[in-house]
Structure formats: structure tokens, C-alpha cells
Amino acid sequence: MEPQSLDLSLVISIVSLVLASTTFGWVFYREFFAKPKMTGMIRVSNVDVGNELIGPFINIQFVNLGPGLCHVSSLITKKRPPLWFLGNKICNKLNNHTKWNVVMLAKENKYSSKLPKRLDVGETLDVYLDYDKQAFFNEKPTHIGVTDSFGRCHWVNRKQLKDVSRQFSKEIQITS
């Protein structure tokens, strides 16, 4: 009977060793290598305060999908040159550079999140920008997003950005 009990204890020890090493590997990967992912959206929306609608605002929203927390530092825009498909070397020689801008929130908006902001998993960042002629859509950006504590850029959905940009252009032309 002793050889069978030794075999059983050996199997249990090996299974526990594999389980412990797998757990250690996952925790190590999550803590040191896995960086949070974020998803963003943009839309034109109003804020409902009691019985009153305030707005319209350009609402930019980002959600931290995890794993781990993320520090969002700034709101940025990017405008690719018309000849972007030729590559950076050719665009630089033609003086046709990609333009990067940091969106500074000139007015304090009490409905908007303040930057920089720490986002835990599942938390959202809501930025409400004024919807007027001086909005950054006059530059016609190709990308709008945020930068995080890892130095990465997270962009809003391009289709949503195009829809909001078209809507902004139409409404500004109507009011002009």
C-alpha cells in the first residue's frame, strides 16, 4: 500500500506546484507587464440638470478596461497630413508634418472630469467641451484621445469622430 500512497502524494505535490507557479506567473505578468487598455467615444450631448437641459457639449468619454489602474494625464488631438500614406520621411521632406495638440480646458466646466485623473478598472473619464466656433474642430483633427501614465495614446472611435466633426461643421455653417 505504501507505493500507491507515495504516488498519490507525488501527484498532489506536482499539481499544487503547477498551480502555484501558474498563479505566480500571472501575478508577475499583471503587475509588471500588463498595461491597462482604454476605450473612448465622442458625441454631442446635453446635460440634464433637474428639469433643465444644459448644452450642447462635445462629450469625450474614456473607460479603463484594465487590468490595473491608469493615470490619464492630458487630452490630445492629432491631425495627419494629407500625404500620410507616403511615410514620415517623405512627409518631413515635403514639410507636411503630423500636427499634435494638447487640448487645454480654458473654462472650468463643473460637469467635466478634471485632468489628470486616476482611473481604476471600470471607471470613466468624462470631458465636456464647449460646442462653439472656437472649438478645436476648426483644426479638423483626425484623432482625439488621451495620454496615460505609460506614455501611450488612447483614441476615440474614428467613425464617431467623423460623425461629430460633420455635425459640428454643418451647425457652424448654419449659424454663420
Side-chain angles (χ1 to χ4, degrees), residues 1-45 47-48 57-81 84-85 87-89 91-92 97-129 136-137 139 141-165:
M1 283 288 206
E2 244 180 84
Q4 287 180 343
S5 66
L6 273 176
D7 291 342
L8 182 62
S9 64
L10 186 62
V11 168
I12 291 173
S13 296
I14 290 173
V15 167
S16 65
L17 179 67
V18 168
L19 185 64
S21 61
T22 303
T23 303
F24 175 75
W26 170 250
V27 169
F28 187 80
Y29 170 76
R30 187 186 67 206
E31 291 296 321
F32 297 109
F33 294 106
K35 295 177 179 82
K37 292 180 176 46
M38 296 180 71
T39 184
M41 61 185 295
I42 185 169
R43 62 182 169 233
V44 176
S45 63
V47 176
D48 187 7
F57 293 105
I58 298 170
N59 180 8
I60 301 170
Q61 183 180 52
F62 280 89
V63 179
N64 182 4
L65 301 176
L69 66 94
C70 186
H71 296 273
V72 177
S73 57
S74 62
L75 184 65
I76 57 172
T77 66
K78 174 182 168 182
K79 182 177 182 184
R80 283 199 297 200
W84 64 270
F85 55 87
N88 285 336
K89 288 183 179 179
C91 285
N92 289 343
H97 301 287
T98 300
K99 294 180 178 144
W100 294 81
N101 296 312
V102 175
V103 177
M104 302 300 287
L105 306 176
K107 284 195 241 175
E108 289 293 319
N109 187 334
K110 62 183 177 183
Y111 309 111
S112 183
S113 300
K114 308 292 185 254
L115 290 174
K117 184 173 180 178
R118 178 183 167 181
L119 295 177
D120 284 323
V121 177
E123 287 186 344
T124 62
L125 167 79
D126 278 308
V127 177
Y128 291 94
L129 302 172
F136 59 88
F137 275 112
E139 296 289 321
T142 56
H143 296 74
I144 295 176
V146 293
T147 57
D148 66 6
S149 54
F150 298 102
R152 297 180 308 157
C153 300
H154 302 275
W155 305 109
V156 299
N157 185 316
R158 298 263 316 267
K159 184 178 183 313
Q160 291 174 352
L161 176 60
K162 286 179 184 178
D163 292 343
V164 170
S165 184

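Just so it is clear, the model here is predicted, and its values are computed rather than measured. Excluded from the calculations below are hydrogen atoms, water molecules and symmetry mates; all remaining heavy atoms, backbone and side chain alike, are included.
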* **Sequence-distant partners of Tyr29, ring-ring contact (aromatic ring centres under 6.0 Å, His included), two or more places apart** => Trp26
Give, for atom [atom1] of [X] and atom [atom2] of [Y], the distance between the pair rounded to the nearest 0.5 Å.
| X | Y | atom1 | atom2 | value |
| --- | --- | --- | --- | --- |
| Leu125 | Ser113 | CG | OG | 4.5 Å |
| Leu119 | Ser149 | CG | OG | 10.0 Å |
| Ser165 | Ile58 | OG | CD1 | 9.0 Å |
| Glu123 | Met38 | CD | CE | 10.5 Å |
| Met41 | Gln160 | CE | CD | 5.0 Å |
| Cys70 | Asp120 | SG | CG | 10.5 Å |

* Taking it one step at a time, do Asn64 and Phe62 satisfy side chain to side chain contact (heavy atoms under 4.5 Å, CB included)? -> CA-CA 7 Å; Asn64 182 4; Phe62 280 89; over 6 Å; no
* Check: His71 and Lys117 side chains under 4.5 Å, non-hydrogen atoms ->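 No. Closest side-chain heavy atoms not under 4.5 Å.
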Which atom pair, heavy atoms only, marks the closest approach of [X] to [Y]?
| X | Y | value |
| --- | --- | --- |
| Pro141 | Leu161 | O-CD2, 3.9 Å |
| Val72 | Leu115 | CG1-CD2, 3.9 Å |
| Val18 | Thr22 | O-OG1, 2.8 Å |
| Ile76 | Cys153 | CD1-SG, 3.6 Å |
| Val121 | Gly66 | CG2-CA, 3.7 Å |
| Lys35 | Pro67 | O-CD, 3.9 Å |

* To do: Take Leu129 and Phe57 through the side chain to side chain contact (heavy atoms under 4.5 Å, CB included) test and state the conclusion after the steps.
  => CA-CA 6 Å; Leu129 302 172; Phe57 293 105; over 6 Å; no
* Is a side-chain donor-acceptor pair under 3.5 Å present for Asp148 with His154? -> yes
What residues, two or more places apart in sequence or in another chain, satisfy side-chain hydrogen bond (donor to acceptor under 3.5 Å, both in side chains) together with [X]?
| X | result |
| --- | --- |
| Ser45 | none |
| Asp126 | Gln61 |
| Thr142 | none |
| Thr124 | none |

* Backbone N/O of Pro116 and side chain of Ser73: donor-acceptor pair under 3.5 Å ->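 Checked: no pair found.
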* Checking side chain to side chain contact (heavy atoms under 4.5 Å, CB included) for the pair Ile42/Asn59: CA distance, chi angles, key distance, verdict? -> CA-CA 6 Å; Ile42 185 169; Asn59 180 8; over 6 Å; no
* To do: I would like to know whether Ile144 and Trp155 meet side chain to side chain contact (heavy atoms under 4.5 Å, CB included); could you show each step before the answer?
  => CA-CA 6 Å; Ile144 295 176; Trp155 305 109; 5.6 Å; no
* Is there any side-chain hydrogen bond (donor to acceptor under 3.5 Å, both in side chains) pair reaching into residues 12-21, and which pairs are they, with sequence neighbours excluded? ->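 For residues 12-21, and leaving out neighbouring residues, there are no side-chain hydrogen bond (donor to acceptor under 3.5 Å, both in side chains) pairs at all.
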* More than 12 heavy atoms from other groups under 6.0 Å of CZ on Phe24 ->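 No, not enclosed.
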